[in-house]
Amino acid sequence: MTERLISMKAVILLSGGLDSSTVLYRAKAEGLDCYTLSFDYQQRHRQELESAIATAKAANATEHQIINFDLRLWGGSALTDQNIDLPAHRSLDEMSEQIPVTYVPARNTIFLSFALAYAEAISAQQVHIGVNQLDYSGYPDCRPDYIQAMGEVFRLGTKQGREGQPIEIVSPLINLTKVEIIELGNQLGVPWQKTWSCYSDGGGQSPPIACGECDSCQLRLAAFAKLGLQDPLPYRSTQVKN
């Protein structure tokens with residue numbers, strides 16, 4: 001059994017953020033052979049790609065690929081359309097009221113489709129994704145019923161699946177709070193200073209500086225603060241709106 005785990009291949013969707021980095025380190029701790037996959041879709045916060053590269057390297061991923069395409073072609077999200085303002089200075093309650101403008105239409109379906117093709121091409125047994133239903137953003141493609149449905153797509157839409165060896169979608173953070181994810185990441189030794197959660201690009205500075213105001217920054221800062229920990233990333237603002 002131990003030998004099987006050591007040789008098992010997994011594709012890890014790695015954005016460079018807090019959640020996906022924790023998923024990668026968890027997979028490494030389980031002895032999986034990790035093939036990390038990131039996406040340059042011309043997102044507003046392309047700084048996350050630098051974090052993905054650094055995190056994959058730090059975790060000694062077997063291979064790291066970045067797929068390029070342009071979701072600005074049709075926009076529909078504050079992350080792919082510069083004409084849509086990023087939400088800022090929102091309380092956690094305000095974030096949970098409705099699906100925010102930072103939702104990118106069908107993004108996880110696009111990502112999982114690439115991951116599925118990659119996984120089958122290299123004969124991987126699993127695809128790992130850091131979705132989380134308790135995140136205040138409430139994205140529709142981060143929920144258990146969605147992951148379950150995509151698992152069926154994985155089974156029905158591949159040669160491996162039809163031959164009785166479907167590629168499994170692993171979503172280990174789906175029922176964890178942001179605080180619990182940071183606690184897990186601390187146990188695993190995730191280098192938080194290499195990660196990037198902000199919806200901005202870091203202001204073009206070196207090192208990049210997170211805004212501290214967008215929903216993603218607010219969620220991250222609130223979780224670190226609740227644990228009594230200092231987030232190692234530099235921020236323009238560290239005030240959390242309750």
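Remember, it's a predicted structure, so these values are computed and weren't measured experimentally.
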Ignoring hydrogens and geometry, is there a side-chain-to-backbone donor-acceptor pair from [X] to [Y] under 3.5 Å?
{"X": "Q65", "Y": "S38", "value": "no"}
{"X": "D141", "Y": "N108", "value": "yes"}
{"X": "S237", "Y": "G212", "value": "no"}
{"X": "S51", "Y": "K194", "value": "yes"}

Which residues pass the salt bridge (charged side-chain N to carboxylate O under 4.0 Å, His left out) test with R107, sequence neighbours left out?
none

Find out whether [X] and [Y] are in side-chain contact, i.e. whether some heavy atom of one side chain is under 4.5 Å from a heavy atom of the other.
{"X": "Q218", "Y": "E213", "answer": "no"}
{"X": "Q98", "Y": "Y103", "answer": "no"}
{"X": "I122", "Y": "V11", "answer": "yes"}
{"X": "T102", "Y": "L86", "answer": "yes"}
{"X": "T36", "Y": "T55", "answer": "no"}
{"X": "Q133", "Y": "P144", "answer": "yes"}

Test log, rule side-chain hydrogen bond (donor to acceptor under 3.5 Å, both in side chains), inputs S200 and R236:
CA-CA 12 Å; S200 76; R236 287 204 311 266; 5.1 Å; no

Output, in order, the C-alpha distance, side-chain angles, deciding distance and verdict of side chain to side chain contact (heavy atoms under 4.5 Å, CB included) for T195 and R220.
CA-CA 11 Å; T195 65; R220 176 171 172 148; 3.0 Å; yes

Connecting only ILVMFWY residues whose side-chain heavy atoms lie within less than 4.5 Å of each other, what is the rest of L49's hydrophobic cluster?
I53, I66

Who clusters with V101? Use side-chain heavy atoms, under 4.5 angstrom, across I, L, V, M, F, W and Y, and order the result by chain and number.
I84

Approximate separation, where rounding is to 0.5 Å, of [X] [atom1] and [Y] [atom2]:
{"X": "C214", "Y": "M95", "atom1": "SG", "atom2": "CE", "value": "8.0 Å"}
{"X": "S21", "Y": "R26", "atom1": "OG", "atom2": "CZ", "value": "14.5 Å"}
{"X": "Y25", "Y": "S20", "atom1": "OH", "atom2": "OG", "value": "11.5 Å"}
{"X": "T22", "Y": "Q187", "atom1": "OG1", "atom2": "CD", "value": "10.5 Å"}
{"X": "T62", "Y": "K28", "atom1": "OG1", "atom2": "NZ", "value": "5.5 Å"}
{"X": "E94", "Y": "H89", "atom1": "CD", "atom2": "NE2", "value": "11.5 Å"}

Paired with V127, the side chain to side chain contact (heavy atoms under 4.5 Å, CB included) test is passed by just one of L116, V170, L112, I12, namely L112

For a side chain to side chain contact (heavy atoms under 4.5 Å, CB included) with K178, tell me which candidate from D19, L227, L221, L173 qualifies.
D19

With under 30° as parallel and over 60° as perpendicular, where do the rings of F69 and F114 fit, or are they tilted in between?
parallel

Should the pair Y118 and Y35 be assigned to parallel (<30°), tilted (30 to 60°) or perpendicular (>60°) ring geometry?
perpendicular

What pair of heavy atoms forms the shortest contact from [X] to [Y], and how long is it?
{"X": "P100", "Y": "R90", "answer": "CB-NH2, 3.8 Å"}
{"X": "C217", "Y": "Y235", "answer": "SG-CE2, 3.7 Å"}
{"X": "Q193", "Y": "L233", "answer": "O-CD2, 3.7 Å"}
{"X": "E48", "Y": "Q43", "answer": "OE2-NE2, 2.8 Å"}
{"X": "P140", "Y": "R143", "answer": "CA-NE, 3.6 Å"}
{"X": "A210", "Y": "W196", "answer": "N-CH2, 3.4 Å"}

Applying side chain to side chain donor-acceptor pair (under 3.5 Å), which residue pairs with at least one partner in residues 165-174 are found, sequence neighbours left out?
Q126-E168

Salt-bridge criterion met for D81 and R44 (N-O under 4.0 Å)
no

Can you tell whether the side chains of D70 and R72 come within less than 4.0 Å, N to carboxylate O?
yes

Could you tell me if the ring centre of Y146 sits under 6.0 Å from that of Y139?
no

Hydrophobic cluster membership, L73 vs L71, 4.5 Å side-chain cutoff:
yes

Check for me, please, whether M150 and L156 land in the same ILVMFWY cluster - side-chain distances under 4.5 Å, paths through other members count.
no

Check step by step if side chain to side chain contact (heavy atoms under 4.5 Å, CB included) holds for M8 and L32.
CA-CA 5 Å; M8 182 180 286; L32 302 179; 3.8 Å; yes

E50 meets the side chain to side chain donor-acceptor pair (under 3.5 Å) criterion, sequence neighbours left out, with none

Residues in side chain to side chain donor-acceptor pair (under 3.5 Å) contact with T238, at least two apart in sequence or another chain
none

Just checking Q148: does its CD atom have more than 12 heavy atoms from other residues, nucleotides or ligands closer to it than 6.0 angstrom?
no

Could you walk me through whether W192 and N186 satisfy the side chain to side chain contact (heavy atoms under 4.5 Å, CB included) test, starting with their C-alpha distance in whole Å, then the side-chain angles of each, then the deciding distance to 0.1 Å, before giving a yes or no?
CA-CA 9 Å; W192 302 126; N186 284 339; 2.7 Å; yes

Could you check F224 against L18 for side chain to side chain contact (heavy atoms under 4.5 Å, CB included), going step by step and ending with a plain yes or no?
CA-CA 11 Å; F224 271 100; L18 186 151; 4.0 Å; yes

